[in-house]
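Hydrogens, waters and symmetry mates are skipped; everything else that's a heavy atom, side chains included, is used. Small disclaimer: the values here were computed from a predicted structure and weren't measured.
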Amino acid sequence: MAEQKNWRHPVGDKERGDIIRAVAARVVAGRVDDAQAHPDKNALEYVINDTLFHEKQRAREDRSEEMKKEMEFLRAATHGLASAGDDKKKAMLHKLAQHYAEDVAGHFDPRVFAFTTKVLPYGLEMLFNAFSPAMFFKQFPNLPDLQARITIRGDIDHIRRLARRGTVIVAPTHASNMDSLCVGWALNDLDLPPVSYGAGKGLFSNPMLSFFMNSLGAYKVDRTVRHALYKEVLKQYSIMILERGYHSLFFPGGTRSRSGEVENKLKLGLLGTGLTAYVNNLLSGNKRPDIYIVPLTINYPIVLEASTLIDDYLQDVGKSRYIILDDEFSKPAKMANFVIKLMGSESSMALQFGPPLDPFGNRVDEDGNTVDPRGRVVDTATYVTGADGSVNHDAARDAEYTRELGDALVDIYHTHTVALSTHTLAFTLFNMLKKDNPGADVYRLLRFEGEGKSYPEHEVLQCLERVVARLLELESAGKIKIGGVLRPGECAREVMYAALRFFGMYHTTPVVVRRAGRIHINDLNLLLFYHNRLTGFGLEQVFAGGDTHE
């Protein structure tokens, strides 16, 4: 590992209070401006009432002691709203905004971070390599290399240079609640700066997990809170820490991919905070105004919460519950079992960094300069300069820039997705199943046609060889990456056996098993989940026309 640099830490307690006050002041100022411009729609009373309405709805579903205390606070903070004058309403709003900012802000402690980064790698080595404590101490400090289990690829030197020049936003795909921990470890191992990131508030209920979350730079995001004021506080908190030079991590997809697919639709509001921070930096004369977005795909051969995620997806496609409060990640014993088994295998997961972008979706060179498709340096300040020659905010203009950034990220997510053995075998089997049942939709395949289905091993290998060959062509064209045992040459049998090992090591019912010379599909929902990772690449053409098997 490279020599450690003195990177700036996430928000610590020394600056926490100042940021909370600044966020609250900015939120209130924005609401006051809106109320003055459009009093019929954005009066302060409407904002406060909207907050109370949504919190009362939440209290009907959440009868915990914490929620009772929350409602007591809200009632006290907004007492006398009906007869309050503008100044009192402003004070009420400020109290609410500061309350939510206080709840969001993390409790990062540099001393705890220093301790964690020293001991965490050894703990992960023991856990990820499935060591017993006795074996751990016997071989300490000469433990197996964790990167034999986690493959990390990308131009790390480029990212490191950008982090010294400006502020970096790491923007990964999102498959599991393990993602932030894996990325946190990887950044430290690669000598990249630690990042601040939003994590679901429910994850902080576990004392041990909360300790690591805080020490690795997490701040709380309560996804059960749905009113506009809270969302504005979150947005302004993100913008504020970017302006102050704190490197961050966003999951632009918003939530874990329920279907298992690579993200196609991103949360543009969150992405837009990078552009807003950049404009604010220019307006304030910040000496390091540049914001850089670093795409990252996180690729697991098996996903801890796969069963819950795909079930949620299939219950109502396109109308996910958004919040899953009770899944495999919330069960510590099950999570530990998963990690031990997963990381006990070689080449178990892949982290793939993509080319960095500016807030407008353009590529940036080694020196942090924006370059156009012809490689010419572009002054991005001109993108946000108005007709009068001054830098300004323009909602419609900036929204369009953010859409372009989102499109660029989606393209990079696809070209930098790493196809692994489980994805490849699942894709092959599910398409063999579709080929045998033309016209049947996904639900019919899952409920009727696919039940108890099996194929002769040699037929699966024939189809798998064609899929692997097509993946290699796509990789050569720069449209996808391959990892694990996928490689040029005759590797179809290795791909199948590796996938079977992964499928059999964790899920209660193995997704696929090999028995008596046949490949049996045991769990169609999970087969669909892993198959979905390779949709959108045109691989289905392998099964178009003619017979795929005898």
Side-chain angles (χ1 to χ4, degrees), residues 153 173-175 252-253 257-266 295-301 303 310 313 317-318 350 352 354-355 361 373 406-442 445-446 450 455 459-492 495-496 498-499 512 521 524 526-549:
R153 295 185 294 193
T173 56
H174 200 7
S257 173
R258 264 45 175 183
S259 66
E261 295 178 73
V262 182
E263 284 90 337
N264 285 302
K265 295 181 179 180
L266 306 182
L296 170 65
T297 65
I298 304 175
N299 308 272
Y300 299 94
V303 173
I310 191 64
Y313 171 76
V317 176
Q352 178 74 51
D407 291 343
L409 272 175
V410 167
D411 288 343
I412 292 173
Y413 286 161
H414 281 76
T415 58
H416 287 70
T417 289
V418 181
L420 299 173
S421 61
T422 48
H423 313 143
T424 310
L425 180 60
F427 184 88
T428 300
L429 288 170
F430 201 83
N431 277 277
M432 290 176 72
L433 188 61
K434 287 197 294 185
K435 184 78 173 180
D436 286 348
N437 298 277
D441 62 20
V442 169
L445 287 175
L446 296 178
Y455 291 100
E459 292 182 4
V460 175
L461 284 171
Q462 288 173 2
C463 292
L464 192 59
E465 284 175 1
R466 291 198 286 273
V467 172
V468 171
R470 180 57 183 153
L471 281 171
L472 292 170
E473 291 174 0
L474 290 172
E475 186 187 45
S476 296
K479 295 181 179 180
I480 201 171
K481 304 290 184 182
I482 61 172
V485 296
L486 274 77
R487 65 179 192 282
E490 296 181 4
C491 66
V495 171
M496 183 174 72
V512 179
I521 302 171
L524 285 160
L526 285 173
L527 188 77
L528 173 66
F529 180 86
Y530 292 107
H531 148 276
N532 285 344
R533 187 69 176 179
L534 295 185
T535 58
F537 295 92
L539 281 168
E540 292 81 2
Q541 296 176 6
V542 172
F543 297 87
D547 292 334
T548 58
H549 55 274

Whether the side chain of H414 engages the backbone of D411 through a donor-acceptor N/O pair (distance < 3.5 Å, no angle test) should be reported. no
From CZ (R487) to CD (E475), nearest 0.5 Å: 13.0 Å
Shortest non-hydrogen contact from G361 to A408? O-CB, 3.7 Å
Show your reasoning for whether side-chain contact (heavy atoms from CB on, under 4.5 Å) applies to L425 and Y530. CA-CA 9 Å; L425 180 60; Y530 292 107; over 6 Å; no
When rounded to the nearest 0.5 angstrom, what distance separates CG in L539 from CG in L474? 5.5 Å
Look at the side chain of N532 and the backbone N and O of G260, then say whether any donor-acceptor pair between them is shorter than 3.5 Å. no
How close do R533 and E261 get, heavy atom to heavy atom, and via which atoms? NH1-O, 4.3 Å
First locate atom CZ of F427, then atom CG of L527, and finally report the distance between them rounded to the nearest 0.5 Å. 11.0 Å
Is there a side-chain contact between I298 and H174 in this structure, where contact means two heavy atoms from C-beta onward sitting under 4.5 Å apart? no
Would you please test V512 and T422 for side-chain contact (heavy atoms from CB on, under 4.5 Å) and show each step? CA-CA 10 Å; V512 179; T422 48; over 6 Å; no
For A492, what residues pass the side chain to side chain contact (heavy atoms under 4.5 Å, CB included) criterion, not counting sequence neighbours? L461, L464, E465
Of all the heavy-atom pairs spanning A419 and I480, show the shortest one and how long it is. CB-CD1, 4.2 Å
Pairwise distance OG1(T173) to CG(L409) - rounded to 0.5 angstrom: 11.0 Å
Of T417, V410, N299, which is the lone residue that meets side chain to side chain contact (heavy atoms under 4.5 Å, CB included) with V262? T417
For the pair N431 and T428, evaluate side-chain contact (heavy atoms from CB on, under 4.5 Å) and give the outcome as yes or no after the intermediate values. CA-CA 5 Å; N431 277 277; T428 300; over 6 Å; no
Looking at every heavy atom in both L486 and C491, which two are closest together, and how far apart are they? CA-SG, 4.2 Å
Going through the checks in order, is the side-chain contact (heavy atoms from CB on, under 4.5 Å) test met by F543 and R466? CA-CA 9 Å; F543 297 87; R466 291 198 286 273; over 6 Å; no
Within this structure, what is the CG-CZ distance for the pair L524 and F430, rounded to the nearest 0.5 Å? 7.0 Å
Testing the basics here: between E263 and G253, what is the closest heavy-atom pair and its distance to 0.1 Å? CG-CA, 4.1 Å
Taking the side chain as every heavy atom from C-beta outward, state whether K434 and L445 have any atom pair closer than 4.5 Å. yes
How close do F529 and S257 get, counting heavy atoms only, and between which atoms? CE1-O, 4.0 Å
Drop me the distance from Q352's CD to K481's NZ, to the nearest 0.5 angstrom. 5.0 Å
